[in-house]
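Numbered from 1 within each chain, the chains take letters A, B, ... in sequence-line order. Given the structure is predicted, the values throughout are model-derived calculations rather than measurements.
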Amino acid sequence: MYVYDTFDHAFTRDRIREFSDQVARRLSGELTEDQFKPLRLMNGLYLQLHAYMLRIAVPYGVLSSRQMRKLAHIARTYDRDFGHFTTRQNLQFNWIRLADAPKILEELAEVEMHSLQTSGNCIRNTTTDQFAGAARDEHADPRPWAELIRQWSSNHPEFSFLPRKFKIAITGADRDRAAIRVHDIGLHIKPQGFDVYVGGGMGRTPSLGHCIRTGLPGEHLLSYLEAALRVYNRYGRRDNSFKARIKILVAALGPEEYKRQVEEEWARMDRARVDAPQAEIDRLKTFFPDPTFNTAAFDEAAFERARTADAAFARWIRNNTHPHKRDDHVSVTISLKPTGLPPGDASSAQMDLMADVADDYAYGELRVTHEQNIVLPHVAKNDLYALYTRLDAVNLSTANAGKITDMITCPGLDYCSLANARSIPLSQEISQRFEDANLTDRIGDLQIKISGCINACGHHHVGHIGILGVDKQGIEFYQILLGGRADEKAALGQITGKGLPAEAVPAAIERVVQLYLKLRTHDNERFIDTLERVGRDAFAEALHEPA
Amino acid sequence: MKLLTANRLHDGLTVWYSGAGWVEDGAQAAALADDVAETLLAEWKLRETEVVAPYLIPLTDRGAPVQREHVREFVRANGPTIGQTADALSKAFNRADIFEN
């Protein structure tokens with residue numbers, strides 16, 4: 001993984017010193033809250049419903065075991081013993097004291113982490129495929145490119161005060177696991193170069209990104225991104241924050257005109273001043289080497305004995321492992337979605353255990369997924385049963401990756417000051433309703449995504465079933481969307497039926513699922529495939545209690 | 001009647017004006033006459049070294065927040081409702097939830 005150089009160390013040290021002084025001046029009253037708020041937000045510190053929340057950047061979701069242990073230590077020492085992994089592949093602590101924030105940043109800097117650009121109208125953490133560098137279906141490893149974007153966008157003087165926040169996602173596989181079409185800019189690495197999508201996003205005006213460039217050579221990636229952002233920075237609306245994202249500008253100009261302006265800007269700019277020299281790109285690639293793989297022969301007989309003897313292990317293998325580029329390894333998803341508990345949360349003990357098993361079985365590397373789980377990208381098949389056993393001891397062996405209970409859920413009104421309705425209690429109830437492992441497996445791949453307000457942090461627009469919390473005269477109501485998907489066939493879900501009160505939602509989801517099981521033509525026809533075959537209307541009636 | 005609430009500057013925790021000062025337990029909040037509440041709010045908005053973002057919660061005749069803000073204020077006064085390691089405030093203060101419907 002990327003290792004800080006002297007510039008990174010000096011930059012984060014300077015920022016911590018600066019922020020420590022700002023916090024001291026705020027506590028003494030020298031700075032007003034109006035003066036201080038933009039300064040704390042630039043360091044990822046929000047004031048939420050119950051306390052300060054600190055959002056920590058996990059660049060493109062890659063964590064070392066040492067970093068995970070530090071996060072566990074911070075949870076134990078400065079928070080209430082847990083952290084919350086987010087859809088931006090970051091981590092949030094929900095109960096931070098203002099006076100502790102500088103100390104926490106110092107602790108993070110010890111392991112080459114920070115909280116910069118996790119808030120504010122700047123370029124946020126670039127997200128990518130959680131199986132990057134490991135997946136069998138990958139054309140190119142997106143991590144060096146994500147790192148290049150991180151270095152280019154960190155404290156970029158031209159793009160530190162954009163009209164609104166700006167999110168980039170990148171994938172290097174055929175299968176899009178990074179939801180690139182619902183990002184401000186989505187990048188798809190193909191053998192002939194980068195496909196560049198602009199103007200995707202969720203929120204109150206959901207939109208799929210438009211492809212404005214194919215086959216962009218990697219050595220021109222930064223200048224092309226700079227041109228695309230420059231057009232947005234120049235013409236994006238600043239009078240209305242609801243209309244300030246790039247998707248609004250792309251829709252207003254039309255994708256063709258946006259593309260024309262980007263190309264014009266790109267043609268006249270001094271690209272050589274922006275683009276990274278090939279030598280630098282090559283140097284970055286050396287920071288993401290394969291680990292020294294354990295090449296001991298796979299003991300298939302022992303593996304099969306364990307699988308036959310332990311049905312829960314067999315199920316976990318079936319659902320939570322992903323094909324690796326090496327036949328003797330797999331990638332493992334550690335689900336943070338146990339039945340009835342808040343999705344994406346991990347206690348300090350669980351974080352420590354994940355760091356330990358990463359050291360023992362996964363070459364010390366972990367990934368945070370945008371689906372709010374943790375991945376061990378490289379695990380030898382010989383180690384799977386030992387790994388499973390240790391995860392199982394701390395309630396980290398839930399075998400539901402990609403299944404109906406593996407829900408993306410925003411913090412909702414239990415924590416967020418912007419939310420209109422609670423999200424997590426709903427996901428808890430749905431997970432309890434579908435607790436039966438046999439039923440969940442029979443249902444197969446089905447993605448439910450829940451947001452507590454129109455800002456769509458829970459990605460409800462691209463859930464096969466999306467759930468959106470709204471405030472209806474002081475009562476929590478939920479709109480159901482059907483047909484969204486975030487993969488390479490990205491689509492936006494459509495509101496279906498009337499809004500439902502919270503207590504009616506789990507049963508409504510169950511009726512929809514039961515109808516799907518009746519309608520599907522064979523066991524391998526996924527929910528989304530059935531839905532696309534028969535249409536949303538077939539499911540609308542099922543959402544409501546029969547009269 | 002209204003309640004005066006805010007977040008405490010140094011740790012961000014939700015606090016309530018009790019009549020004598022700021023307390024963490026919403027059950028101790030003073031129900032203030034509207035004019036008194038407005039005066040106190042104006043005063044505390046200027047005293048930023050103790051609390052942040054003070055505001056008033058209008059109450060119904062039954063002493064609960066008005067319907068429009070009910071759920072938000074219920075969660076704020078009683079803590080997250082999701083049973084994680086952050087204990088509900090009702091447990092911390094050994095009381096029943098407040099602002100129940």
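Side chains of Arg422(A) and Ile82(B) form no contact here, defined as non-hydrogen atoms less than 4.5 Å apart.
Between Leu413(A) and Val71(B) the shortest heavy-atom distance is CD2-CG1, 3.5 Å. Here the closest non-hydrogen pair linking His50(A) and Arg76(B) is CE1-CA, 3.8 Å.
Only the backbone of Ser28(A) comes within contact range of chain B, with at least one heavy atom under 4.5 Å from a heavy atom of that chain. Contacts between Glu33(A) and chain B at a heavy-atom distance below 4.5 Å involve backbone atoms as well as side-chain atoms. Heavy atoms of Val52(B) lying under 4.5 Å from chain A belong exclusively to its side chain. Heavy atoms of Leu47(A) lying under 4.5 Å from chain B belong exclusively to its side chain.
For Lys103(A), the salt bridge (charged side-chain N to carboxylate O under 4.0 Å, His left out) criterion is met by Asp100(A), not counting sequence neighbours.
Among Met53(A), Gln473(A), Gln428(A), Lys472(A), the residue with the largest count of heavy-atom pairs under 4.5 Å with chain B is Gln428(A).
The stretch residues 2-33 of chain B places Asn7(B), Arg8(B), Leu9(B), His10(B), Asp11(B), Gly12(B), Leu13(B), Thr14(B) near chain A, each with some heavy atom under 4.5 Å from a heavy atom of that chain.
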